[in-house]
Amino acid sequence: MKKNIFALMMGTMAIALTFSSCKKDDDDEEIITPVATTGTVKLEMEHTFGDEEFALGTAYTTGSGESVTFNTTKYYVSNVQFHKADGTTWSQPESYYLVNLEADGSNILDITGVPTGDYTDVTFTIGVDSTRNVSGAQTGALSIANAMFWTWNSGYIMIKLEGDCPQSSNGSFAYHLGGFYGANSSVNTGTFSFDPAILSVSPSATPQIHMAVDIKQFFDNPDHVHTVAMGSNITMPGAMAATLADNFFSGIEFEHIHN
Amino acid sequence: MNFTGKNILFWCMLLVVVSGCQKENDEVPQASFQGLVVPSYFPPTHYQFINNPITESGFELGRKLFYDKQLSVNNTISCGSCHAQVHGFADHGVPLSFGIYGREGKRNAPPIFNMAWHPTYMWDGGITHIEVMPLAPLLDTLEMGETVANILEKLQNDPSYPPLFEKAFGSTEINDQRMLRAFAQFMSMIVSNNSKYDQVKRGETTFTAIEQQGYVLFQAKCNSCHTEPLFTDFSYRNNGLDTEFADLGRNRITQDPADLGKFKVPSLRNLEFTYPYMHDGRFSTINKVLDHYEEGVVASASLDPLLSSGIPLTDEERAAIKAFLYTLNDFTYIGDQRFAEP
């Protein structure tokens, strides 16, 4: 019994000593501050109608002379990538944004975690890539609560434009552009060069990219001029929807960067 | 420590009290929850339950939602209103269903069973994922007429739901993804695999002579579209109902002219409960369906080549096929209390 108690005491002391020797001396400790290697970029979609600033509830005249007033302008921006001069690319994970002109500030995309460095181009998609169209119930920008998903023909509405037009047969227009596969996909992806500007990303600054989105091109794209009279309601996938999505995309241009 | 009789009694009593106190709730399930049991002779499910494994709490939340009339805009219609368990989770013997405000729908409500095996849903296959299936009836103005945002608000304001969402998904947050995943769990659990046919497949019983005769005939004349063991090949076909199509069918989704008038091949299980038949419920009995195949098939560009000559049957063959079809009725799942209205 005495031997056991002695062994127990020695054991306890040994453990106590071990732990006490592991205690760091604060004077010798090296404080390592992790070097920030990423920054934030803001991608701002600035909407115009030709030379005019674009706003909901304002009447504009298309090149064909139709008067259009938008009540709803919503579209997806996704799969953002930044490219460096050396050919390397950074792809944003889970990159899905819903621009909704009824939601203030939603036209400024906050892109975080961008690796420090200088970038020459940006790639993004207007719409939702085909995989995510068939991946079931999702969250955030892809939540069904955003009213941008077809219940009867599973898939996202890439671009939703609604409003009034006196030249329309029913006084209004509704363009729900969807479809994500084959020749009639309404999904468009493009790369926009910043040249001669550079996007400089670092932890200490938040550069802002301004993209111009000219809504007038939806109607006046010289390749495929569209009038509301031609079709005021496009709410199914097909050639018309794909063409109009192309028109919308054609109105997007790089403007400038605020570094 | 001295182990006297008194001490033993004390510790035993303490043990009993402590073990009694460990019960977390008053609910004692009758049998332990098994999740989805895939029959050995069924193919693997199409739905892979990614990020949505079936749990008892997820299933029970889905069941509660399924029977909740709040999910309709005027709080009168639940999923269970048109998908009635006594009718195999099809509607109550009507060709077209009635939604909110007595509005009549456009197509016959299909039954809900063996859903996890389907690659697409609806008569025209417009829905390609089980998780987004409920959106169609929930949002359709002829059916439940609601919006996702409104439904979520109703659920958030109903004190019974946040704890159920917490149990099922780990927090009281109520969003559409969670709601739809709960629905997917409930729907997937409704498996129909205890008809006489299934019992024969499992070696538990044998067909009678006429049933066996019908089975052989079935395999020769029906199985190419109504393929066992699910009794559909999930394809879209024109079975000669019309020459002109009031309902465009699959064409509405694909816009392919070749798909005009094509509809999904339905399962032939549970016909006893799920009448009337076809996408618009035009045939109220199996005899009328067989009459159609025998002499009612009409030609069109998209008529399925397998039906160009119809399916002629002698009276004896018809009786045998009907006997076989009767063996596909599963009287278990229509009474399974797990799927009943809570």
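Protein chains get the first letters and strands the later ones, always in sequence-line order, with residue 1 at the start of each. As the structure is a computational prediction, the values presented were derived from the model and not from experiment.
Heavy atoms only, all atoms of each residue included: B/Gln255 and A/Met236 are closest at NE2-CE, 3.4 Å.
In terms of heavy-atom pairs under 4.5 Å with chain B, the best-connected choice from A/Gly238, A/Gly179, A/Ala145 is A/Ala145. Here B/Asp176 is the residue among B/Asp176, B/Asp124, B/Val148 with the most heavy-atom pairs under 4.5 Å with chain A. Highest contact tally toward chain A, considering only B/Ile253, B/Leu180, B/Asn175, is held by B/Ile253 [criterion: heavy-atom pairs under 4.5 Å].
For a heavy-atom cut-off of 4.5 Å, chain A lies close to B/Ile127, B/Thr128, B/His129, B/Glu131, B/Val132, B/Leu135, B/Ala136, B/Leu139 in residues 127-146 of chain B.
To the nearest 0.5 angstrom, B/Leu152 atom CG is 10.5 Å from A/Ile144 atom CD1. In this structure, CG on A/Asn184 lies 11.0 Å from OG1 on B/Thr254, to the nearest 0.5 angstrom. In this structure, CG in A/Asn153 is found 8.0 Å from CZ in B/Arg252, a value given to the nearest 0.5 Å.
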